[in-house]
Protein chains: 2
Amino acid sequence: MARKRQRITLEDVAREAGVSPMTVSRVINNTGRISQATREHVREVIARLDYRPSRIARSLVTNETHMIGLVVPDIASPYFAEIVQGAEEIAWEKGYSILLANTSENPQRELAVLPQIEETKVDGLIWCSSRLPEETLLALLEKHASAVVVNRQAPPHLASVVRSRHGLGYRARRAAAFLIQTGRRRIGYLQLYRSAAAAPIEDFMAELARWGVEINRAWYIPCAPLWQSGYEHTQQLIARHPELDAIIGGNDLVALGAMRAVLEAGRRVPDDIAIIGGDDIFLAGQVTPALTTFHVPKHEIGVMAARLLFKRLEGDTTYHEHLFDERLIVRESAPLPPGVTLDL
Amino acid sequence: MARKRQRITLEDVAREAGVSPMTVSRVINNTGRISQATREHVREVIARLDYRPSRIARSLVTNETHMIGLVVPDIASPYFAEIVQGAEEIAWEKGYSILLANTSENPQRELAVLPQIEETKVDGLIWCSSRLPEETLLALLEKHASAVVVNRQAPPHLASVVRSRHGLGYRARRAAAFLIQTGRRRIGYLQLYRSAAAAPIEDFMAELARWGVEINRAWYIPCAPLWQSGYEHTQQLIARHPELDAIIGGNDLVALGAMRAVLEAGRRVPDDIAIIGGDDIFLAGQVTPALTTFHVPKHEIGVMAARLLFKRLEGDTTYHEHLFDERLIVRESAPLPPGVTLDL
DNA sequence: ACAGTTAAAGTTAGCGCTAACAGTACAGGG
DNA sequence: CCCTGTACTGTTAGCGCTAACTTTAACTGT
C-alpha cells in the first residue's frame, strides 16, 4: 500500500524548532547570519524530523533546478554510454542531477525531446552528436542559455563545444594514409551518415588522390552507426566488389560488423582485407583479430562537456572549445608490416 | 551572452488571450469544459507566444514531477546501458523523464544518491542491482511510495521486482552442469561479489558435488563485475592452478577478461580451458572464440521494470514480479562436442 | 414568466520555498 | 540618554501553476 506520506515541510521544522521559516531556510542554505546556538538547534530538529527540502519549491523561486539535460542518440552504444558516465560523474560532484534523453538516432525524436527538457527548465544542456540539420540545431540552441555541444560545431555565443577530430574528416583521411602505406590499394569506406557537419566524402577522396591510388565511388557507402548496418553493408560490398583489400568503418561497431561479414565470407582479416575502426570502444582490443582503430577519450569527453557547461553556469559566458586528439591504435586487423615506416 | 530571457507564463497567455489563467490551464490540461472557440483561440495564443508550461510550478501543486529516478551501478557497462535504454523508451512513451544516477558500483554512493532523488521528488524509482545490504535497501525502499527493484528481492508491499534467474544461483549451477557434461572436471569460478541476496558459493559447490567432480575452494574467487578484474584474477588463478580446464565468469565482461588472460598465457580456448560468461552482452558473439554465455534480455528487463513502475503509479499497488529466463547460448568458448547429449 | 439545469467561464487560496526588506536587541561612542 | 552600528531573526510577498469553489449566461420545460 503506497502510503501517501505527508511530506515534512520547512514550516514543520520551523514550528518544531520555535523559529521562523526563514531562519530554517538560512540554516539549510548557509546564508545570512545565524547564531551558532540556533544553527545547531535547527540542524538537530531537521535531523530528528528527517526533513528534506523540496527542490521543486526551491526551484520555483530561485529559477534553478540543479539538473542538467543530457541528450544522446543511443545510450546503449558503448561510445555514448562512456560519455554519459563522464558527464554524470562531474554533475554528481557539483550536486547536479542528470536528466537523460535517448533519441534513438532519430532526429524527429530529438526535436520532440526538447520541449520536454524545456518544460523541466534544466539549468544547462549537453547535446551529443545531434543528427539534426545545422539550422534546426542552431534555432534550438538559441533558446537555451547554457549548452554544450558534443561532436558538432556551434556559434560561440550559443554553446561551447567538445569534439574529437573525427568531424573534420581527420579520421578517414588518416586511416586511408595508413592503409595505403601498409600496401592496400582498393579501400572501401562505410561512412556514417550524419548531419551537414560531417566531413564530406570529397575530403576522403582527396586524400586517396594525394596518394595516387584508385578511387571508386561505389566503394564508399553510407551506413548507420550500428553493428548490424556495418555487417549488412559489408556483405553486399564485398560480394559486389571482391577487389577490395581494406575497409574503413565509421566507428568500431560498424567495423566489427564488417569484420564479421568478411570472416563469414571466408576472407581473412587482415591478410585479404584489412579493417580499421573508429572510436576504440572497450572491446575493440579484445576481439580476434584485435581491431585497429582510433582511440577517442570518451569518458574525458563527457567530463569535459560537463566542465564547460558548469563554467557557463557559473557565469563564464566566453566560448570554450575543447578538441581531443585521436591516436591511431595499431592492432591486428590492420597491422603495420615489419620494415614499413610511416609518413603521417 | 546567456540572455536570461523572461519566461512566458500562463498569466501572459491569459492576458494576451483575454481570458482567465484558469481557462488557459484547462486548455493545456484538457480538463473541465471549454467552448471550442475559446479552446482554439487560447491554443493559437499559446503557439504564437511559444509558451511552455513550467513543470516545476505544476509539480508544486499537483505533487507529481513526471520524472522517474533510475539508479544503476555502472552506466558504461553494456549490461546496464541496455536496461536504461529499455526503461527510457517506456518512460518517454508515457511522457516521463529519466533522472539518472550512476553509483559507480559504490554502496556509499548509492546511499548518498538517494537524498538527492528524494529532494527531487521523483514519482517513482527503478533501482538496478543494488549493492547495498538487505536491511539498508529495505529501509530506503520504505520511504518511496513507488519503486521497482531489478535483480534483487523485495517485500511485496515495498516494491515490484524484475529479475532474471541469475540471482538464484541458477546460472553458475547450469554452467557447471554443462561444463561437466562436456568433459570438464576442474572448474574455476569468478563469482561476482554482491549483496547477501546473491547465491552463496555453497549452491555452486552443491551442484559440483551432485556430479561428483572435484571441489576446491581455491578455484572460486570473488571478482568485481569488470573486464579488468576478470583479467587479473584469471592471470593469478591459472598461474596458481594450471590444472583448471574450465572457468565460469560471473558476467560476460569478466569472462572476456578471463579469456584474454588465458590466451595471453599461451593456453587455448576452449581446447585447454573452456569459458562460460553470464549475460550475453552485445559483442559476446563477435569475439573469437565466440563466448558461450547465458542470454539475458536486458532491454526487456528495462522495459518491464518501467512497465511495472507505471502500473504502481497508476494505482495498481499489488505486487508484481517478473522473472526472465536465461537461455544458455552455446558458442565456441565452451562448445558442445559432437555426440554429447545434455541432461540439464 | 420563472425556478431549475447546465455549460462556460472566473475567483480565491495555497503548494513549499526564498528575496528583500523590516524589525529587535544590545554594544559602545558621544 | 540618544544615536549609530552590528548581529541576529522575523515579516511580507510572490515564484507559476491548479483544486475547489463561485459566478455568469444561456437554455429548459411547464
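Labels below follow one simple rule: chain letters A, B, ... track the order of the sequence lines, proteins then strands, and each chain is numbered from 1. Model, not experiment: these values are computed from the prediction.
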Nucleotide [N], atom [atom2] - distance to [atom1] of [X] in whole Å:
{"X": "A:Glu11", "N": "D:dT11", "atom1": "CD", "atom2": "P", "value": "11 Å"}
{"X": "A:Arg55", "N": "C:dT18", "atom1": "CZ", "atom2": "C1'", "value": "17 Å"}
{"X": "B:Asp12", "N": "D:dC15", "atom1": "CG", "atom2": "P", "value": "11 Å"}
{"X": "B:Ile28", "N": "D:dA19", "atom1": "CD1", "atom2": "P", "value": "12 Å"}
{"X": "B:Arg58", "N": "D:dC15", "atom1": "CZ", "atom2": "C1'", "value": "16 Å"}
{"X": "B:Glu119", "N": "C:dT18", "atom1": "CD", "atom2": "C1'", "value": "16 Å"}
{"X": "B:Asn30", "N": "D:dC17", "atom1": "CG", "atom2": "P", "value": "17 Å"}
{"X": "B:Ile8", "N": "D:dC15", "atom1": "CD1", "atom2": "C1'", "value": "17 Å"}

Taking only residues two or more places apart in sequence or in another chain, which ones pass salt bridge (Lys or Arg N to Asp or Glu O under 4.0 Å) with [X]?
{"X": "B:Glu135", "result": "none"}
{"X": "A:Arg58", "result": "none"}
{"X": "A:Glu93", "result": "none"}

Hey, is the side chain of [X] poking within less than 4.0 Å of OP1 or OP2 on [N], counting only N and O atoms?
{"X": "A:Asn63", "N": "D:dC15", "result": "no"}
{"X": "A:Tyr51", "N": "C:dC17", "result": "yes"}
{"X": "A:Ser54", "N": "C:dC17", "result": "no"}

Ion pair A:Arg48/A:Glu44, N-O distance below 4.0 Å = yes
Please check if any side-chain donor atom of A:Ser97 sits under 3.5 Å from a side-chain acceptor atom of A:Arg55, or the reverse.
-> yes
Short side-chain donor-acceptor distance under 3.5 Å, A:Ser59 and A:Glu64 = no
Distances under 3.5 Å between nitrogen or oxygen atoms of protein and nucleotides 7-13 of chain C:
residue, atom, partner, partner atom, Å
C:dA9, OP1, B:Thr38, OG1, 2.7
C:dA9, OP2, B:Ser35, N, 2.6
C:dA9, OP2, B:Ser35, OG, 2.9
C:dA9, OP2, B:Thr38, OG1, 3.0
C:dG10, OP1, B:Ser20, N, 3.3
C:dG10, OP2, B:Ser20, N, 2.6
C:dG10, OP2, B:Ser20, OG, 2.7
C:dG10, OP2, B:Thr23, OG1, 2.5
C:dG10, N7, B:Arg26, NH2, 2.7
C:dG10, O6, B:Arg26, NH1, 3.3
C:dG10, O6, B:Arg26, NH2, 3.2

Of B:Leu60 and A:Thr31, the one whose nearest nucleotide on DNA chain C sits closer to the 5' end is B:Leu60
Specify the angle, to 10°, made by the local axes at the two ends of the helix from C:dA1-D:dT30 to C:dG30-D:dC1 when five pairs are taken at each end.
-> 60°
Please determine, for the side chain of B:Thr62, which listed nucleotide (D:dA19, D:dG14, D:dC17) has the closest atom?
-> D:dA19
Expected list for residues 78-85 of chain B: side-chain donor-acceptor pairs under 3.5 angstrom, two or more places apart:
residue, atom, partner, partner atom, Å
B:Tyr79, OH, B:Asn151, ND2, 2.9
B:Gln85, OE1, B:His299, ND1, 3.2
B:Gln85, NE2, A:Asp74, OD1, 3.2

Are B:Thr31 and B:Asn29 close enough, and set up right, to give a side-chain hydrogen bond (donor to acceptor under 3.5 Å, both in side chains), and what steps lead you there?
-> CA-CA 5 Å; B:Thr31 55; B:Asn29 297 300; 5.1 Å; no
Cation-pi geometry met for A:Arg109 and B:Trp92 (6.0 Å, 45°) = yes
